[in-house]
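For reference, the structure is listed below as structure tokens.
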Amino acid sequence: MRVRELTIKQQLFIDFLVFFLVGIVLANLLGADSFQKNGSLTRYYLKQFQYAGIQSQELLWHVGCNRLVLFLALLTLGTIPKGKLVHLLFVAWCGFAYGYFCVISIGAFGAKGLLLCLLALFPHFFAYVPAYLGLVELSGHRREHAGWRGIMAVVFLFVVLVVGILLESYANPRILQKVLKIF
């Protein structure tokens, strides 16, 4: 019986799940309670956020700068000979951080915390995930995406990223504020 080799996207998905579980385990072992008491995911903070006036343009600049730097870093570092390692580190951090966040929010809010976990990624991750997978595709096939075809692919992924930034800056805070009213 011949074992089929995993594609890079399949491997990154498995890596995300593994590090998601690592984040869950470490949050439980290290005690996420201390973060809940001193961190930003407290009931008090969320109640303040529920009624806060969101400065969407300031948030846009903050989110935009962070996401653009990450996009450019993944675009350039993902194409070096050890680019798969760069993608692995990024996916490992994302999985770990999200697993840790899930434990904290579920620990603080019970079943409602699960809703908070899901909505924290909505709707902007519908743009970020395809943009990231496109970067993985570009880095895995850099010879095939040389010239105009590669430039057009990067421009398209950049546009998808900008859509994600706009959704994260304008839509997500309003969705979270409405949902937090049920907490």
Side-chain angles (χ1 to χ4, degrees), residues 12 16 19-20 23 27 32 34-79 86-87 89-109 112-139 145 148 150-183:
L12 289 173
F16 177 85
F19 284 97
F20 176 76
S34 63
F35 184 80
Q36 290 172 3
K37 292 175 187 166
N38 302 318
S40 60
L41 194 62
T42 62
R43 289 185 188 276
Y44 174 77
Y45 175 78
L46 290 175
K47 285 294 182 189
Q48 295 300 316
F49 176 73
Q50 178 180 348
Y51 299 107
I54 303 296
Q55 302 297 322
S56 295
Q57 285 188 323
E58 289 181 31
L59 183 59
L60 176 67
W61 282 108
H62 174 75
V63 169
C65 289
N66 286 313
R67 302 300 178 256
L68 289 173
V69 167
L70 183 62
F71 179 83
L72 292 173
L74 289 171
L75 178 65
T76 55
L77 295 175
T79 59
V86 172
H87 289 294
L89 292 173
F90 173 70
V91 166
W93 170 251
C94 289
F96 174 81
Y98 192 61
Y100 203 92
F101 171 73
C102 287
V103 169
I104 291 170
S105 60
I106 292 169
F109 303 106
K112 292 178 184 177
L114 185 57
L115 179 64
L116 181 63
C117 288
L118 296 174
L119 290 178
L121 303 178
F122 180 78
H124 50 287
F125 266 66
F126 286 118
Y128 288 157
V129 170
Y132 175 67
L133 292 176
L135 284 176
V136 170
E137 186 69 27
L138 280 176
S139 67
H145 295 290
W148 283 105
I151 292 170
M152 293 307 293
V154 170
V155 168
F156 176 75
L157 294 175
F158 179 78
V159 169
V160 173
L161 177 77
V162 169
V163 168
I165 291 169
L166 291 170
L167 289 171
E168 185 176 4
S169 301
Y170 290 98
N172 180 262
R174 278 148 188 77
I175 291 169
L176 285 176
Q177 281 183 324
K178 290 182 191 293
V179 169
L180 285 173
K181 291 183 181 176
I182 65 171
F183 282 68

Practice item. Rounded to the nearest 0.5 Å, what's the gap from CG on L75 to CG on L157? Could you check? Key: 8.5 Å
Point to revise | V154/L135 under side-chain contact (heavy atoms from CB on, under 4.5 Å): CA gap, chis, key distance, verdict | key: CA-CA 8 Å; V154 170; L135 284 176; 6.0 Å; no
**Study point:** Heavy-atom closest pair, residues S105 and C102
**Key:** OG-O, 3.3 Å
Which donor-acceptor pairs under 3.5 Å do the side chains of residues 55-64 make with protein atoms, sequence neighbours left out?
| unit_1 | atom_1 | unit_2 | atom_2 | d |
| --- | --- | --- | --- | --- |
| S56 | OG | R174 | NH1 | 3.2 |
| S56 | OG | R174 | NH2 | 3.0 |
| H62 | NE2 | N66 | ND2 | 3.2 |

Review point. Is a donor on one side and an acceptor on the other found under 3.5 Å between the side chain of N172 and the backbone of L119?
Key: yes
Exercise for review: Kindly indicate whether the side chain of V179, heavy atoms from C-beta on, has any atom under 4.5 Å from the side chain of L115.
Suggested key: yes
Practice item. Measure the CG-SG distance between L70 and C94 for me, rounded to the nearest 0.5 Å. Key: 7.5 Å
Exercise for review: Go through the structure and list residues passing ring-ring contact (aromatic ring centres under 6.0 Å, His included) with F20, not counting sequence neighbours.
Suggested key: Y98
Practice item. Sort and list the pairs that fulfil salt bridge (Lys or Arg N to Asp or Glu O under 4.0 Å) and have at least one residue in residues 119-128, not counting sequence neighbours. Key: none
Under 3.5 Å, which donor-acceptor pairs link side chains of residues 127-134 to any protein atom two or more places apart or in another chain?
| unit_1 | atom_1 | unit_2 | atom_2 | d |
| --- | --- | --- | --- | --- |
| Y128 | OH | G164 | O | 3.4 |
| Y128 | OH | I165 | N | 3.4 |
| Y128 | OH | E168 | OE1 | 2.5 |
| Y132 | OH | H87 | ND1 | 3.1 |

Exercise for review: Drop me the distance from T79's OG1 to L74's CG, to the nearest 0.5 angstrom.
Suggested key: 10.5 Å
Review point. Hey, mind stepping through L161 and L68 against side-chain contact (heavy atoms from CB on, under 4.5 Å) and telling me if it holds?
Key: CA-CA 8 Å; L161 177 77; L68 289 173; 3.6 Å; yes
Check your understanding: Which salt bridge (Lys or Arg N to Asp or Glu O under 4.0 Å) pairs, counting each pair once, include a residue from residues 116-131, with sequence neighbours left out?
Key -> none
**Study point:** All side-chain contact (heavy atoms from CB on, under 4.5 Å) counterparts of K112, not counting sequence neighbours
**Key:** F109, F183
**Study point:** With sequence neighbours excluded, residues passing ring-ring contact (aromatic ring centres under 6.0 Å, His included) with F122
**Key:** F126
Review point. Can you name the side-chain contact (heavy atoms from CB on, under 4.5 Å) partners of A120, sequence neighbours left out?
Key: F101
Point to revise | Qualifying salt bridge (Lys or Arg N to Asp or Glu O under 4.0 Å) pairs with a residue from residues 115-125, counting only residues at least two apart or across chains | key: none
